[in-house]
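We name chains A, B, ... by the order of the sequence lines, and we start the count at 1 in each one. As the structure is a computational prediction, the values presented were derived from the model and not from experiment.
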There are 2 protein chains.
Amino acid sequence: MYQNKPRMQRMTKQRRVILEILRSTDIHPTADWIYAKAREIIPDISLGTVYRNLGILKAQGEIAELNYGSTYSRYDGNPHPHYHHVCLECGRIADLPMPVRQDLEEEARAKGCGSVLYHRLEFYGLCPQCQRKREKEG
Amino acid sequence: MYQNKPRMQRMTKQRRVILEILRSTDIHPTADWIYAKAREIIPDISLGTVYRNLGILKAQGEIAELNYGSTYSRYDGNPHPHYHHVCLECGRIADLPMPVRQDLEEEARAKGCGSVLYHRLEFYGLCPQCQRKREKEG
DNA sequence: GTAGTTGCAAACTTTTTGCTACCCA
DNA sequence: TGGGTAGCAAAAAGTTTGCAACTAC
């Protein structure tokens with residue numbers, strides 16, 4: 001939705017350290033946490049560099065970002081459980097008319113990672129409009 | 001994770017309008033969009049009021065907020081598809097060792113809401129640590 | 001050598017909050 | 001009438017960006 005994509009990449013010390021930090025933990029850290037860790041190794045690394053590299057690594061598919069694809073929240077007037085389709089092109093979010101699968105929660109509970117009160121499921125792809133537009137443009 | 005929860009609630013004109021706007025659309029709008037719509041009805045409503053009421057309505061379970069429960073992004077060093085468990089108490093995010101269900105994508109595609117390239121599934125509840133803590137505290 | 005990258009700092013965006021006046025129950 | 005709520009504006013929090021110096025290839 002917003003990202004820089006230079007043509008060629010360089011493996012700088014900063015980028016390598018950020019990637020190593022991210023690969024050596026499973027806590028799904030925030031940019032700030034990564035920044036603090038990185039400073040233990042490169043004391044004068046800047047937060048801007050951390051963000052820039054996270055963006056590049058994400059664009060390369062080396063890492064994943066856990067959010068809704070945007071910096072702001074969206075609100076849903078329907079508080080009952082249901083699934084969503086999110087368009088990667090225009091950001092449109094649509095309700096999906098498919099039944100909520102309670103059996104997924106059973107399966108998750110069985111893994112012993114804690115209690116499960118509810119779940120959320122989102123499908124990412126192109127909405128019908130953007131699909132059509134892409135076909136026309138080739 | 002952060003929210004105001006007054007004991008008693010009043011149904012003000014502002015709150016009613018915000019709720020009506022949210023219930024009368026299916027585009028899953030942002031706070032700003034709701035603010036613009038609300039101003040057509042209550043010209044001097046403020047953005048702060050919109051945010052405050054969205055928070056209250058959410059706490060009451062009248063509406064839902066579509067984000068990760070926090071304002072910042074989290075990063076995952078593992079870019080391969082997998083599911084997460086999010087703790088509602090401490091915010092911890094854990095990887096779930098369960099297989100990715102491609103059949104869910106098939107089902108979603110069949111609904112005709114667009115193409116589906118991948119999906120995301122998160123389970124919300126208490127992590128083992130917070131579960132134990134709650135048991136001890138009664 | 002050169003184009004991508006860095007640190008720094010300022011800017012930007014979204015959301016929260018302090019305060020006083022207000023108004024719903 | 002009292003306490004939750006509104007508007008306003010300033011602050012906070014997270015993220016992005018312009019720029020000159022630097023560096024990996």
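For the pair B:K58 NZ and C:dT16 C1', the computed distance is 13 Å after rounding to whole Å. Computed from coordinates, the A:W33 CH2 to D:dT15 P distance equals 16 Å when rounded to whole Å. Nucleotide C:dT14 holds its P atom 15 Å from the CG atom of B:L54, rounded to whole Å. The nearest whole Å value for the distance from the CE atom in B:M11 to the C1' atom in D:dG3 is 17 Å. Atom OH in B:Y35 sits roughly 14 Å away from atom P in C:dT14 (whole-Å rounding).
Summarising the local packing, CD of B:Q60 is surrounded by more than 12 heavy atoms from other residues, nucleotides or ligands at distances under 6.0 Å. Residue A:R134 qualifies as open at atom CZ: its count of foreign heavy atoms under 6.0 Å is 12 or below. By the neighbour-count criterion of 12 heavy atoms within 6.0 Å, atom NZ of A:K37 is sparsely surrounded, having that number or fewer from other residues, nucleotides or ligands.
In terms of modelled atom types and a separation under 3.5 Å, the side chain of A:R120 and the main chain of B:R120 share no donor-acceptor contact.
Counting only N and O atoms by type, the side chains of A:Q14 and A:R52 include no donor and acceptor under 3.5 Å apart.
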Protein-nucleic acid N or O pairs under 3.5 Å, nucleotides 21-23 of chain D:
unit_1 : atom_1 : unit_2 : atom_2 : d
D:dT23 : O2     : A:R10  : NH1    : 2.9

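Take B:D44 and apply the salt bridge (charged side-chain N to carboxylate O under 4.0 Å, His left out) test, not counting sequence neighbours, and it matches no residue. In this structure, the ring-ring contact (aromatic ring centres under 6.0 Å, His included) partners of A:Y83, at least two apart in sequence or on a different chain, are A:H119. Listed by chain and residue number, A:T49 satisfy the side chain to side chain contact (heavy atoms under 4.5 Å, CB included) test with A:S46 (two or more places apart in sequence, or in another chain).
DNA chain C lies under 4.0 Å from no heavy atom of any residue of residues 18-29 of chain B.
Minimum interatomic distance between A:I21 and A:W33 (heavy atoms only, all atoms of both residues): CG2-CZ3, 3.9 Å.
Between A:Q9 and the phosphate of C:dT5, there is a side-chain N or O to OP1/OP2 separation shorter than 4.0 Å.
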Nucleotide-resolved protein contact map, nucleotides 6-13 of chain C, B/S/- at heavy-atom distance under 4.0 Å
BBB-----
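Between B:D95 and B:D76, the closest side-chain pair of non-hydrogen atoms falls below 4.5 Å.
Using bins of under 30°, 30° to 60° and over 60° for the plane-to-plane angle, the ring pair B:Y124/A:Y118 lands in the parallel bin.
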